[in-house]
There are 2 protein chains.
Amino acid sequence: MKDVASAAGVALKTVSRVVNGEPGVHPATAERVRTAIDRLGYSRNESARVLRRGRTATIGLVIEDVADPFYAGLSRAVEDVVIQHGCLLLSGSSGEEPGRERELVETFCARRVDGLIVVPAGDDHTYLRGELAAGTPVVFADRPPGAGLDVDTVLADNAGGAGQAVRHLMTHGHRRIAFLGDDPAIFTAAERLRGYRAELGGLFDERLVSMRPPSPETVRAELARLFALDDPPTALFTGNGRYTVATLRALARRRVALVGFDDFELADLLDPGVSVVAQDPSWMGRVAAELLFRRLRGDSGPPQHIELPVRLIPRGSAELPPPP
Amino acid sequence: MKDVASAAGVALKTVSRVVNGEPGVHPATAERVRTAIDRLGYSRNESARVLRRGRTATIGLVIEDVADPFYAGLSRAVEDVVIQHGCLLLSGSSGEEPGRERELVETFCARRVDGLIVVPAGDDHTYLRGELAAGTPVVFADRPPGAGLDVDTVLADNAGGAGQAVRHLMTHGHRRIAFLGDDPAIFTAAERLRGYRAELGGLFDERLVSMRPPSPETVRAELARLFALDDPPTALFTGNGRYTVATLRALARRRVALVGFDDFELADLLDPGVSVVAQDPSWMGRVAAELLFRRLRGDSGPPQHIELPVRLIPRGSAELPPPP
DNA sequence: CAGCCCCTTGACAACGTTGTCCACCCCTCC
DNA sequence: GGAGGGGTGGACAACGTTGTCAAGGGGCTG
């Protein structure tokens, strides 16, 4: 900028004014400055600007894994809103490790992001206290913060969706419905299990619950265990997209009644079509990002807790009757 | 930092030394400083650090769309390498718009990213000249830069893969093979078309080529057009994952011989399993990122042009014989 | 005991930008 | 013709950090 100023024969500040479109510069001077800028290929140093102004126009996003379609969709929606507001997105995947989540958040904070959207992996977020006190708005998405922290949160109706899934299967005559899902340490898994259990009421049987990792081997083993029971399940409820896919693969085209949590591409093309309880990841991302920007604009109301509805999409797999 | 210094009763520089783990600080002093840091909840201001040191420890990534599984996979791999090197990732989706691509790159440059990985949307990258001259390393992935720019590039063997697909279909008796793919303005589409055409040789018939957007409606219309020909195709070659999915959906479980470019989840569970030419997006991301960091470490050899092999995975759909 | 060296610490400038404040010029109006 | 005012332009400090250089103090050696 100094070079531009001397090249254009003006003061530093005048260049700054032109670059920022501030008023009070003679058109001819501005033109001379712009020419110098083009000639020298100058581009403003954002770091210095940030240092001086205190705002980075950067938002941090911590998700579990970009390669998971759910989070990729959420990510894209957040990105769109962020760009719309003239900001940039720093993002990172925690890989479901609390330590990594914290590292990412702290690195983002060291870079003085203006706001954070976090899909937490851990359940202790006291480390955020300082940042929150410093005024950085934080929005939790998909999962709530750990105990003792009350901040904006956008969740899906996990329990309600699980209930819908179970009810739907029961409508089609099923009474023995198994649940395959994540460790209940993960909020969404716990909530879906809760909804499943509540809807089943007296029919609940904990032997029908499987909470092992969604790897092909463990899912295959768990299905073998379930079907070997004296009173085996006639239907399956899978707790998220990964379990649904792993289960379908383990079933190897065997026709078993099934509802999965999370929609996925091609669910309609399988035979039978896979009935799912669908969330809308883009919607969740958009809502979270917009809430964040509302905070950045100064909205200081009490923390909001938004619950997005989910939707049962019948496609055939849930409508298979139980074997006689 | 100033506050920490006065709280600990030391000079600014001593705090800086402790924060950066520089040697030459008495353990007791360091401990006192650390205590003050904890008590005040201090966290280093990266912007100031960047301003002073000139390196941002940030890499910029421009892709087409995070929500596309191919780019999500690539993104994740890049992120992993970047984090491993102690850097952060700024990423943005161009949405296949050259203007947006340029905006993203320029914004990243204004933030003084240390390096860039770009999946280009446009074919004019002269705007990068200045940045390259300034020494910022840039790696192009998935698609090469526009004319007149020779920089590191990581591509897949698009033409070769298309050739493999066609050859495989011909082995199973097909002679009339249609191609559904993107606008050939997109490098990968053009290359795949080239490979398809070369492999077909004299059998090539341009009426069997469709290059309309991969929306459900246009794909349905194009399939109708193709099958209404006097001499309709007996097999389909789809130019990327989106076309494959759109085509399968438009076919509505009609069994037509098909090979798709790009692997996708559940391809094996459809009936018949979908044979594909698979790329490895993680591999591409990893290779591109590692090449970038090699440049950052000072490797200044001539620009590299890496071509990653692709792999035909037969699953059944390509092995359907032509109707008699 | 003097001299030297190492260990530890501190003062200061600089990175590139922007906000504040002031100076100048020319025009208009009294 | 002088005073006031709007429109321009510039000088300077400050943002928070780090690299450079130098100073003080204590132990070791001759």
Side-chain angles (χ1 to χ4, degrees), chain A residues 1-37 40-58 86 106-114 130-131 134-136, chain B residues 1-37 40-58 86 107 109-114 130-131 134-136:
Chain A
M1 191 178 240
K2 201 167 26 173
D3 298 339
V4 174
S6 57
V10 298
L12 214 54
K13 180 64 202 182
T14 304
V15 179
S16 169
R17 273 195 265 261
V18 172
V19 169
N20 294 300
E22 287 172 35
V25 177
H26 193 87
T29 315
E31 195 43 44
R32 225 169 55 237
V33 171
R34 264 189 291 272
T35 310
I37 287 177
L40 298 174
Y42 163 81
S43 122
R44 178 170 62 196
N45 183 323
E46 287 298 320
S47 307
R49 176 169 224 245
V50 161
L51 177 59
R52 189 61 176 82
R53 309 195 38 173
R55 286 209 39 210
T56 55
T58 308
E106 287 179 343
T107 317
F108 289 165
C109 289
R111 306 227 169 187
R112 299 292 186 269
V113 292
D114 292 341
E131 209 52 35
T136 309
Chain B
M1 191 177 241
K2 203 169 22 172
D3 299 338
V4 174
S6 56
V10 296
L12 215 52
K13 180 62 202 182
T14 303
V15 180
S16 169
R17 274 194 264 259
V18 173
V19 169
N20 294 299
E22 288 172 34
V25 177
H26 193 88
T29 316
E31 195 42 46
R32 223 167 58 236
V33 170
R34 264 190 290 273
T35 310
I37 287 177
L40 297 174
Y42 163 81
S43 120
R44 179 171 61 197
N45 184 323
E46 286 299 321
S47 306
R49 176 169 223 244
V50 161
L51 176 60
R52 189 62 175 78
R53 310 196 31 173
R55 285 208 40 211
T56 55
T58 307
T107 317
C109 289
R111 306 228 170 186
R112 300 291 186 271
V113 291
D114 292 339
E131 208 53 32
T136 309

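We name chains A, B, ... by the order of the sequence lines, and we start the count at 1 in each one.
When heavy atoms are screened at a 4.0 angstrom cut-off, A:Val50 is found touching no nucleic acid atom at all.
With hydrogens and angles left out, the side chain of A:Arg49 and the base of C:dT17 share no donor-acceptor pair within 3.5 Å.
Judged by distance alone, the side chain of B:Arg111 and the main-chain N or O of A:Glu46 form no donor-acceptor pair under 3.5 Å.
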A:Thr29/A:Val18 under side-chain contact (heavy atoms from CB on, under 4.5 Å): CA gap, chis, key distance, verdict: CA-CA 9 Å; A:Thr29 315; A:Val18 172; over 6 Å; no
Worked verdict on A:Val10 versus A:Arg17 for side-chain contact (heavy atoms from CB on, under 4.5 Å): CA-CA 11 Å; A:Val10 298; A:Arg17 273 195 265 261; over 6 Å; no
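The shortest distance between the side-chain N/O atoms of A:Arg44 and the OP1/OP2 oxygens of C:dT18 is below 4.0 Å. At D:dG9, one or more side-chain N or O atoms of A:Thr29 fall inside 4.0 Å of OP1 or OP2 (strictly under the cut-off).
Among C:dT9, C:dT18, C:dG16, the nucleotide with an atom closest to any side-chain atom of A:Ala48 is C:dG16. Here D:dG16 is the nucleotide among D:dG9, D:dG19, D:dG16 with the atom lying nearest to any side-chain atom of A:Leu51.
When rounded to the nearest whole Å, the span between CD of A:Glu22 and P of D:dG7 equals 16 Å. A straight line from CZ of B:Arg111 to P of C:dC15 spans 23 Å, rounded to a whole angstrom. Residue A:Tyr42 contributes atom OH, which lies 8 Å from atom C1' of C:dG16 at whole-angstrom precision. Rounding to whole angstrom units, CG of residue A:Asn45 and P of C:dA14 are separated by 18 Å. Put simply, NZ on B:Lys2 is 12 Å from C1' on D:dT17, counting in whole angstrom units. Whole-Å rounding puts the A:Arg53 CZ to D:dA13 P distance at 22 Å.
Residues A:Lys13 and A:Glu22 have side chains in contact (heavy-atom distance under 4.5 Å, counting atoms from C-beta outward).
Both B:Arg32 and A:Met1 lie near DNA chain C, and the one whose nearest nucleotide falls closer to the 5' end is B:Arg32. The 5' end of DNA chain C is approached more closely, in terms of each residue's nearest nucleotide, by B:Val10 than by the other of B:Val10 and B:Arg52.
Here the CG-SG distance, from B:Asn45 to A:Cys109, works out to 12.0 Å after rounding to the nearest 0.5 Å. Here OG of A:Ser47 is found 12.5 Å from CZ of B:Arg55. Values are rounded to the nearest 0.5 Å.
Using modelled atom types and a 3.5 Å distance limit, the side chains of A:Arg112 and B:Ser43 yield a donor-acceptor pair.
Near DNA chain D, meaning a heavy atom under 4.0 Å away, the residues from residues 12-21 of chain A are A:Lys13, A:Thr14, A:Arg17.
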